[in-house]
Amino acid sequence: MEVRDVDRDGARRRAILDAARSCFLQFGFSKTSLDDIAKRANLSRPLLYRKYKNKEDIFGAVYDDVFDSRYPIAKAALDGRGSKPDKLLRIYDLIVVETWAMVMDTPMAKEFYEACMRVIPEIHAKHEKRLYELTRALFDTKETTQVFMLSVDGLMGDLPSAATLHRRIALLIERFAS
């Protein structure tokens, strides 16, 4: 494959992921069609099928795309200067609060959130494991790490705004990691 073909392929994948994320957040997972994604990406539906096998595959790729770019920044925060509580807040702002903000201010936020657990549980679990590893590096025990992460999950149960979630996590960290 020539460099130009690789660039074009990367640009097409980027267009598909951006279009799909936009459609999923606007219409929800269940009401988004492959035609919607193809139209928004300015591609044909057959070309979409050459890149991804189905809507679930695209949804998983969107989920991966959102999180994968954040891990190197979170790792740098973990390895950088600052207190454990400061590092923990920075990591959770990057991985949890900022991604939450992307979703919660959209028309289909609740449906999108539920689809993440229902449609791609293995991909969701993979990212939970990565967040666990970052969190575990800042706590003394596995049990403390697990309780902290379960507590964060509980803070999202009523689907708060991103600002409220940030304040809740900061308060939890203040109580937990001091």
Distance-only side-chain donor-acceptor flag, [X] / [Y], under 3.5 Å:
X: Arg21; Y: Gln26; value: no
X: His127; Y: Tyr63; value: no
X: His166; Y: Tyr92; value: no

Mind telling me whether Tyr113 and Trp100 have parallel, tilted or perpendicular rings, with 30° and 60° as the class edges?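 Because their plane-to-plane angle is over 60°, the rings of Trp100 and Tyr113 count as perpendicular.
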
Could you check whether any side-chain N or O of [X] sits under 3.5 Å from a backbone N or O of [Y], counting only pairs where one atom can act as donor and the other as acceptor?
X: Arg70; Y: Ile95; result: no
X: Thr164; Y: Pro160; result: no
X: Thr144; Y: Phe139; result: no
X: Thr106; Y: Met102; result: no
X: Arg90; Y: Ala77; result: no
X: Lys51; Y: Ile16; result: no
X: Ser151; Y: Val147; result: yes
X: Lys55; Y: Phe29; result: yes

Hey, mind stepping through Leu88 and Phe176 against side chain to side chain contact (heavy atoms under 4.5 Å, CB included) and telling me if it holds? CA-CA 11 Å; Leu88 196 57; Phe176 240 88; 5.9 Å; no

How close do [X] and [Y] get, counting heavy atoms only, and between which atoms?
X: Met108; Y: Phe27; result: CG-C, 3.2 Å
X: Thr32; Y: Cys23; result: OG1-O, 3.1 Å
X: Ala162; Y: Ala101; result: CB-CB, 3.5 Å
X: Val96; Y: Ile169; result: CG1-CD1, 4.1 Å
X: Arg40; Y: Ser22; result: NH1-OG, 2.5 Å

Rounded to the nearest 0.5 Å, what separation is found between the [atom1] atom of [X] and the [atom2] atom of [Y]?
X: Leu89; Y: Ile173; atom1: CG; atom2: CD1; result: 4.5 Å
X: Leu34; Y: Ile58; atom1: CG; atom2: CD1; result: 5.0 Å
X: Ile37; Y: Lys39; atom1: CD1; atom2: NZ; result: 12.0 Å
X: Leu134; Y: Met149; atom1: CG; atom2: CE; result: 9.0 Å
X: Arg12; Y: Leu47; atom1: CZ; atom2: CG; result: 4.5 Å
X: Leu78; Y: Ile91; atom1: CG; atom2: CD1; result: 4.5 Å

Crowded around Lys126 NZ? As in, over 12 foreign heavy atoms under 6.0 Å? yes

So for atom CZ, which belongs to Arg50, do other residues, nucleotides or ligands contribute more than 12 heavy atoms lying within a distance under 6.0 Å?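 No, the 6.0 Å shell around CZ holds no more than 12 heavy atoms from other groups.
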
Among residues two or more places apart or on two chains, list those pairs meeting salt bridge (charged side-chain N to carboxylate O under 4.0 Å, His left out) that have a residue in residues 130-150.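 Listed by first then second residue: Asp68-Arg130.
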
Tell me, do Glu111 and Ser30 make a side-chain contact under 4.5 Å, heavy atoms counted?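 SC-SC contact between Glu111 and Ser30 confirmed.
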
Hey, quick one: are Ile120 and Met117 part of the same hydrophobic cluster, counting side-chain heavy atoms closer than 4.5 Å, chains of contacts allowed?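 Per the 4.5 Å side-chain linkage, Ile120 and Met117 are co-clustered.
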
What about Leu159 and Val97, same hydrophobic cluster or not, with Ile/Leu/Val/Met/Phe/Trp/Tyr joined at side-chain heavy-atom distances under 4.5 Å?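 Yes, same cluster.
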
Charged tip of Arg13 within 45° of Tyr52 ring normal and under 6.0 Å: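 Judged by the rule, Arg13 and Tyr52 form a cation-pi pair.
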
Does the distance from a Lys or Arg side-chain N to an Asp or Glu carboxylate O, for [X] and [Y], drop under 4.0 Å?
X: Glu114; Y: Lys110; result: yes
X: Lys31; Y: Asp36; result: no
X: Asp18; Y: Arg14; result: yes
X: Arg81; Y: Asp86; result: no

With ring-ring contact (aromatic ring centres under 6.0 Å, His included) as the test, would you mind laying out the steps for Phe59 and Phe112 before giving the verdict? CA-CA 10 Å; Phe59 193 70; Phe112 183 90; 5.3 Å; yes

